Number of protein chains: 2
Amino acid sequence: MESYFVEKSLPFYDQLYHKIKKMILDGVFKPGERIVESKLAKEMNLSRTPIREAIRVLENEGLVVIDEKSRIIVYNPTVKDVEDVYQCRMALESLAVKLSVQRASDQEMAEIEKVLELCNNKIEQREYDKDEVIDLNFQFHNLIIHYSANDLLQKHLNSIKSRLHLYRILNFQGDDRAQIIYNEHKKIFDYMKEKNETKAAEAMVEHLNHDYKHLIGLLAT
Amino acid sequence: MESYFVEKSLPFYDQLYHKIKKMILDGVFKPGERIVESKLAKEMNLSRTPIREAIRVLENEGLVVIDEKSRIIVYNPTVKDVEDVYQCRMALESLAVKLSVQRASDQEMAEIEKVLELCNNKIEQREYDKDEVIDLNFQFHNLIIHYSANDLLQKHLNSIKSRLHLYRILNFQGDDRAQIIYNEHKKIFDYMKEKNETKAAEAMVEHLNHDYKHLIGLLAT
DNA sequence: GATGATTTGTGCGTATGTATG
DNA sequence: GCATACATACGCACAAATCAT
C-alpha cells in the first residue's frame with residue numbers, strides 16, 4: 001500500500017519561489033522590470049505573505065534586487081557581472097569535471113557519452129532543431145556537475161546557471177556555434193574517459209572561456 | 001547639510017536575518033537544535049511575519065533546514081559536508097588569490113602584509129591571545145577575497161565562511177597551529193608579492209588542504 | 001504642494017497539523 | 001483514541017512611505 005500515498009503539496013512560499021524564478025528565467029519578467037507583490041498576489045490568488053517569503057529567497061540568490069525604496073526589481077546584469085560569473089563558473093566547473101572523473105561510474109560516463117552522440121547526430125542533419133541542441137549541451141554540463149557528487153558545488157553552480165539563463169534572455173541570438181561547442185565538449189569528454197582530470201579541467205576552462213568571449217561579443221552590440 | 005542625514009534603519013526582516021545568523025554562528029542556537037518562530041517573535045518583541053522572511057533566507061543559505069514537518073532546525077553538518085565545503089573553498093579561494101595578484105594595488109598589498117606582521121609579532125610573544133591570532137588569520141583570508149574584486153566570488157565565499165564557522169562551534173579546540181598557519185600564509189603572500197599567481201594559488205590550496213585534514217582529524221574524535 | 005491611490009512593512013487571527021498526556 | 005497545547009501556513013488589516021494627479 002505504501003506506494004499509494006498522496007504527496008503533500010509543498011508550501012506556497014516554496015512553490016512560489018520556483019514559479020517566480022521560472023517566470024524570470026523565461027523572460028516573463030524582464031531584467032530591470034519591477035515586480036509588484038500585490039499584483040502578483042492578485043494574479044496568483046494568494047495573499048502577499050507567501051509571496052514575500054519567496055521574494056526574500058530570490059533576493060538572496062540575486063535574481064531580484066530590492067532598490068533603495070523597497071521596490072522589487074528583476075536583476076539586470078552589467079558586463080562586469082558577466083565577467084564575475086564566468087570566473088566563478090570556470091573555477092567551479094573545472095572542479096566538477098575533476099570530481100566527475102574520480103567519481104562517475106562507467107554507466108554514468110556512458111550516459112554523458114550518449115548525450116554527446118545524440119548531439120552529434122542532430123548536428124549532422126542539414127535541418128536541425130536548435131533548441132534541442134542547446135538542451136543537449138545544457139545536459140552535458142549538468143551531468144558532469146551532477147556526477148561530481150558534491151551537493152554544495154551543485155548548489156553554487158545552480159545559482160550561476162540561473163544568471164546565465166538571464167543573459168540568454170537579454171541577448172540570445174546565437175550565430176551557429178553548435179559544431180564548435182560539440183568539438184569542445186567532445187574534447188573534454190575524451191580526457192575524462194582517459195581519467196586525465198587535469199587535462200579535462202583545462203579543456204573545460206578553455207571551453208568556458210570561448211563561451212565567455214562569445215557572450216561578451218554579443219553584449220557589446 | 002547633506003552629511004547630517006539620518007540612516008533609515010533596515011527593515012526588521014533584514015535585521016533579523018543578520019541577528020539570527022549571528023546567533024547561529026555564535027552558538028546561541030546549536031547545530032541540530034530547533035528554532036521556534038513564535039518563541040523568537042516573543043523574545044524579540046516582533047510579529048512572526050518578518051521572522052519567517054528571515055528564516056527563508058537562512059534556509060536558502062543552508063544555515064537552517066526545514067524538516068519534513070516544517071520545523072526549523074539549525075544546520076548540522078556531516079563529515080561529507082565538510083569535504084564538499086573544502087573542495088569548493090579551495091576552488092574559490094585559489095581563484096581569489098589569482099585575482100588579487102592581478103588586481104590588488106600596492107597599498108592593498110601592504111595592508112595584507114601588515115596583517116601578517118601583526119600576526120607574527122603576536123606569535124613571538126610567549127603569552128599571546130589566541131583569539132587575536134585567529135582573528136588576524138581570518139583577516140588575511142578576507143582581505144585576499146576582498147581584493148579579488150569579484151562580487152559573486154565574495155558572496156559564494158561568504159556563505160562558505162558561515163559554514164566553516166559552524167564547524168568551529170562544533171569542535172573547536174585547536175592544538176597550537178598558529179606558527180604553521182603563519183608560515184603557510186607567509187608563503188602565499190610571498191608568491192603574491194612576486195606576482196606569481198599560479199604558485200600563490202597552489203600554496204593556498206596546499207594551505208587549505210592542511211586545514212581540512214586538521215579539521216577532519218578533530219571531527220573524528 | 002495637497003490629496004487620494006498604491007505599495008511595502010509588520011502585526012494579528014485562524015485553520016490545520018503535530019505533539020503530549 | 002481523545003483532549004489540550006503548540007507550531008506553522010496563510011490571509012487580512014492597517015500604518016507609513018511613495019506615487020500620481
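Since we're looking at a predicted model, the values are computed, not measured. Letters A, B, ... mirror the listed sequences (proteins, then strands); counts begin at 1. Atom set for the values below is all heavy atoms of this structure, side chains included, hydrogens, waters and symmetry mates excluded.
A salt bridge links A:E83 to B:R103: at least one charged side-chain nitrogen sits closer than 4.0 Å to a carboxylate oxygen. For A:R177 and A:D211, the salt-bridge test passes: some basic side-chain N is under 4.0 Å from an acidic carboxylate O. With respect to the salt-bridge test (charged N to carboxylate O, under 4.0 angstrom), the residues B:E59 and B:R56 qualify. Ion pairing between a basic and an acidic side chain is recognised when a charged N comes within 4.0 Å of a carboxylate O; B:D84 and B:K80 show such pairing.
Between A:D67 atom CG and D:dT18 atom C1' there is a gap of 11 Å when expressed in whole angstrom units. A:N45 has its CG atom 14 Å from the C1' atom of D:dC12, to the nearest Å. Atom CG in B:L16 sits about 13 Å away from atom P in C:dG9, given to the nearest Å. Protein atom NZ of A:K42 is 8 Å distant from nucleotide atom P of C:dT7, rounded to whole Å. Per the geometry, CZ belonging to A:F12 stands 12 Å off P belonging to D:dC12, to the nearest Å. What separates CG of A:D14 from C1' of D:dT8 is a distance of 14 Å, to the nearest Å. Here C:dG11 presents its P atom at 11 Å from CD of B:E53, a figure rounded to the nearest Å.
When heavy atoms are screened at a 4.0 angstrom cut-off, A:I35 is found touching the sugar-phosphate backbone but no base atom. Among the heavy atoms of the strands lying under 4.0 Å from A:R52 is at least one base atom, whether or not backbone atoms are also near.
Distance from the side chain of B:P11 is smallest to C:dG9 among C:dG9, C:dA19, D:dC10. Residue B:V36 places its side chain closer to D:dA7 than to any other of D:dC19, D:dA7, D:dA9. In the set D:dT18, D:dC10, D:dA9, D:dA9 carries the atom at the smallest distance from any side-chain atom of B:E37.
In this model, the phosphate group of C:dG9 is approached by a side-chain N or O of B:Y13 to a distance below 4.0 Å at OP1 or OP2. Taking side-chain N and O atoms only, B:K69 has a distance below 4.0 Å to OP1 or OP2 of C:dA19. At the phosphate of D:dC12, neither OP1 nor OP2 sits under 4.0 Å from any side-chain N or O atom of A:S47. For B:K39 and D:dA7, the shortest distance from a side-chain N or O to OP1 or OP2 is below 4.0 Å.
Side-chain atoms of B:R48 and base atoms of D:dA9 include a donor and an acceptor less than 3.5 Å apart.
Formation of a donor-acceptor pair under 3.5 Å by the A:K122 side chain with backbone atoms of A:C119 is not found in this model.
Across the interface with DNA chain C, nearest-nucleotide mapping of A:S70 and B:T49 shows A:S70 to be the residue nearer the 5′ end. Annotation: of the two residues near DNA chain D, A:L46 and B:R34, the 5′-most nearest-nucleotide partner is B:R34.
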